[in-house]
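Written below as structure tokens is the structure these notes are about.
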Amino acid sequence: MEKIENYIGGELVQPASGEYFDNINPATGEVYSQIPDSDDRDVHLAADAAKAAFPAWAAMPAEQRFEILMRLVSLIERDLESLALAESIDNGKPVSLARTVDIPRAVANFRFYATAAMHLANESHDTSLPGGGKAINYTLRHPIGVAGCISPWNLPLYLFTWKIAPAIAAGCTVVAKPSEVTPMTAYLLSKLCIEAGMPAGVLNIVHGTGPKVGSAIVGHKDIKAISFTGGTKTGEEIARTAAPMFKKFSLELGGKNPNIIFADCNYEEMLATTVRSSFSNQGEICLCGSRIFVERPLYERFKQDFVERVSALKVGDPLDPATDVGAIVSRQHFDKIMSYISLAKEEGGTISTGGNAVTAETLAGYFIEPTVIEGLPHDCRTNLEEIFGPVVTIMPFDTEQEVLAYANAVRYGLSATVWTENLSRAHRISSLLESGIVWINCWLLRDLRTPFGGVKDSGLGREGGFEALRFFTEEKNVCVKL
Ligand code: NAD
């Protein structure tokens, strides 16, 4: 059985403990590879390697870093099919999605930041002194040092590279940890880094659990910045450790996103997109709209059409090209989602479609029917807590003010979607939604230059564009009196 290895100091190595744990294919429930059970000893080795590699990497002209990153881009593109297959087996997502979204986005992340780093400019200020005379202030931007990057299981290579690419492009060296639930494509990436001639120690990947490896990264004295994506509770823990050490940190956390549909929307486009924004990747995207608010005149028509389309989605083998909804990532997460479906019933909700685990001889893993629930108030637990699965609620509303209050009633504020052809209303609502991202008449339309992140308990800081390069650099102002 294949053993995943850590990537430290340019080499693939076993964990210090010599111990491994099982990696399970969620579509079959079977163990198919072994994950290093690394600990703080491995993190120390990785941090030492990253620290040693930092001066040369930081001093290297951005053009040369660009060349190395673009070699990596070519290799990921070359291996797109095998990476997509690996992602699908590891995560349970349809291979068609991994092929068209996850792996192409990993390519885009490296390409975007390899290029962006060459355009990062420093500022200067021409200063007039009170008694006459002049000074020039100029601001230098140095890579911050060794950065720690920790990512979740829902979009494994996509989100792993979304952190690593800007860090490395900015001149930092990195100690990274992918989710222990989906480590495979990060492992394959480490092999491609070797093939691409990435200098030893620039990227180090330590596999293992959050409590052992993740917390050792966050608490390591030589790791100066932490870029984290994952759950809000983990984010709190990270902040508790990193804040008193005065580390820089960026936290991309959970969500409970509203999808607000007005009766004047472009109906067909809204309907097709709402099916996608509810159930893509089994609803395991932090940006999925899980609370659907529909203006009352449209409610019954929407409910009928939506339920019909959702019932027609094909739940099945992630490797089958016809599959729309694959497997839930793990047994633990499957149990969590099923417990929320039970809670919704206890809270008085009616299951309009779905609500059950899918079992068949050929589907031995963790499958759940896409589920639509109605009849719940906006402020019950089902509508306030993150479920992160193929489960949405639908609720009618009458006025703009009312729906804004519902949308903003949760502790989260990651993204929101609004469907209306009324331009003024679209802009008015966008400015009042407590959300880091608002999509009008679309969903998950991404431009990598835009700020990405949430408000309230959805996180702190922004990724994307030059913002991420700024995060991985430290400013120093130099004032010269002329
Ligand atoms: P998680 O918080 O359990 O784990 C995320 C990562 O943190 C994993 O690599 C894990 O091993 C590590 N980790 C766990 N405990 C740690 C600790 N004490 N110290 C350091 N690292 C630790 O999250 P998950 O279950 O993997 O992912 C699902 C969550 O991620 C959902 O809440 C989802 O909304 C969120 N998410 C957010 C975004 C975003 O951009 N805001 C994107 C994707 C997912």
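Worth saying up front: this structure is predicted, and the values here are computed from it rather than measured. For ligands, and for the atoms within them, numbers begin at 1 and follow the listed sequence. All values below come from the heavy atoms of this structure, side chains included, with hydrogens, waters and symmetry mates left out.
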Atoms in ligand 1 with a heavy atom of [X] nearer than 4.0 Å:
X	answer
F452	40 (O)
T234	1 (P), 2 (O), 3 (O), 13 (N), 14 (C), 15 (N), 16 (C), 17 (C), 22 (C)
L159	42 (C), 43 (C)
E180	10 (C), 11 (O)
E237	18 (N)
C286	34 (O), 36 (N), 37 (C), 38 (C), 39 (C), 40 (O), 42 (C), 43 (C), 44 (C)
L414	41 (N)

Notebook entry, point to check: Are K456 and E434 close enough, and set up right, to give a salt bridge (charged side-chain N to carboxylate O under 4.0 Å, His left out), and what steps lead you there?
Noted result: CA-CA 8 Å; K456 303 202 290 192; E434 294 168 358; 2.6 Å; yes

To the nearest 0.1 Å, how far is [atom] from its closest protein heavy atom, and which atom is that?
atom	answer
atom 13 (N) of ligand 1	G210 CA, 3.4 Å
atom 7 (O) of ligand 1	F228 CE1, 3.1 Å
atom 26 (O) of ligand 1	W153 CD1, 3.0 Å
atom 31 (C) of ligand 1	E386 OE1, 3.5 Å
atom 12 (C) of ligand 1	I150 CG2, 3.7 Å
atom 19 (N) of ligand 1	S215 N, 3.5 Å
atom 20 (C) of ligand 1	G214 C, 3.2 Å

Next item on the list: Can you run down the salt bridge (Lys or Arg N to Asp or Glu O under 4.0 Å) pairs that involve residues 151-174, sequence neighbours left out, and say none if there aren't any?
Entry: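 For residues 151-174: K163-E463.
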
Next item on the list: Kindly indicate whether the side chain of R41, heavy atoms from C-beta on, has any atom under 4.5 Å from the side chain of S17.
Entry: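 Result yes, sub-4.5 Å side-chain heavy-atom pair found.
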
Next item on the list: Sort and list the pairs that fulfil ring pair (Phe, Tyr, Trp, His ring centres under 6.0 Å) and have at least one residue in residues 198-244, not counting sequence neighbours.
Entry: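 Counting only pairs at least two positions apart or across chains, the ring pair (Phe, Tyr, Trp, His ring centres under 6.0 Å) contacts touching residues 198-244 are H44-H220.
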
If you measure from [atom] to every heavy atom of [options], which option wins on shortest distance?
atom	options	result
atom 43 (C) of ligand 1	V181, L155, N154	N154
atom 27 (O) of ligand 1	P152, A186, G255	P152
atom 8 (C) of ligand 1	G148, G219, S151	S151
atom 35 (C) of ligand 1	G453, G436, G254, G230	G230

Next item on the list: Using a 4.0 Å heavy-atom cut-off, say whether T229 meets ligand 1 through its side chain, its backbone, both or neither.
Entry: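 Near ligand 1, T229 shows its backbone as well as its side chain.
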
Please report the interatomic distance [atom1]([X]) to [atom2]([Y]), rounded to the nearest 0.5 Å.
X	Y	atom1	atom2	result
I285	S280	CD1	OG	5.0 Å
N259	C288	CG	SG	10.5 Å
T182	E87	OG1	CD	6.5 Å

Assess whether a salt bridge exists between [X] and [Y], defined as any Lys/Arg side-chain N lying under 4.0 Å from an Asp/Glu carboxylate O.
X	Y	answer
K212	D42	no
K191	E5	no
E467	R470	yes

Margin query: Once you measure the plane-to-plane angle for H333 and F388, does it fall in the parallel (<30°), tilted (30-60°) or perpendicular (>60°) bin?
Written below: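 Perpendicular: the ring planes of H333 and F388 meet at over 60°.
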
Notebook entry, point to check: Are any of the N/O atoms in K177 less than 3.5 Å from those in ligand 1?
Noted result: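 N/O-N/O distance below 3.5 Å exists for this pair.
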
Notebook entry, point to check: Is the closest heavy atom of S179 to ligand 1 under 4.0 Å?
Noted result: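 Flag set, S179 near ligand 1.
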
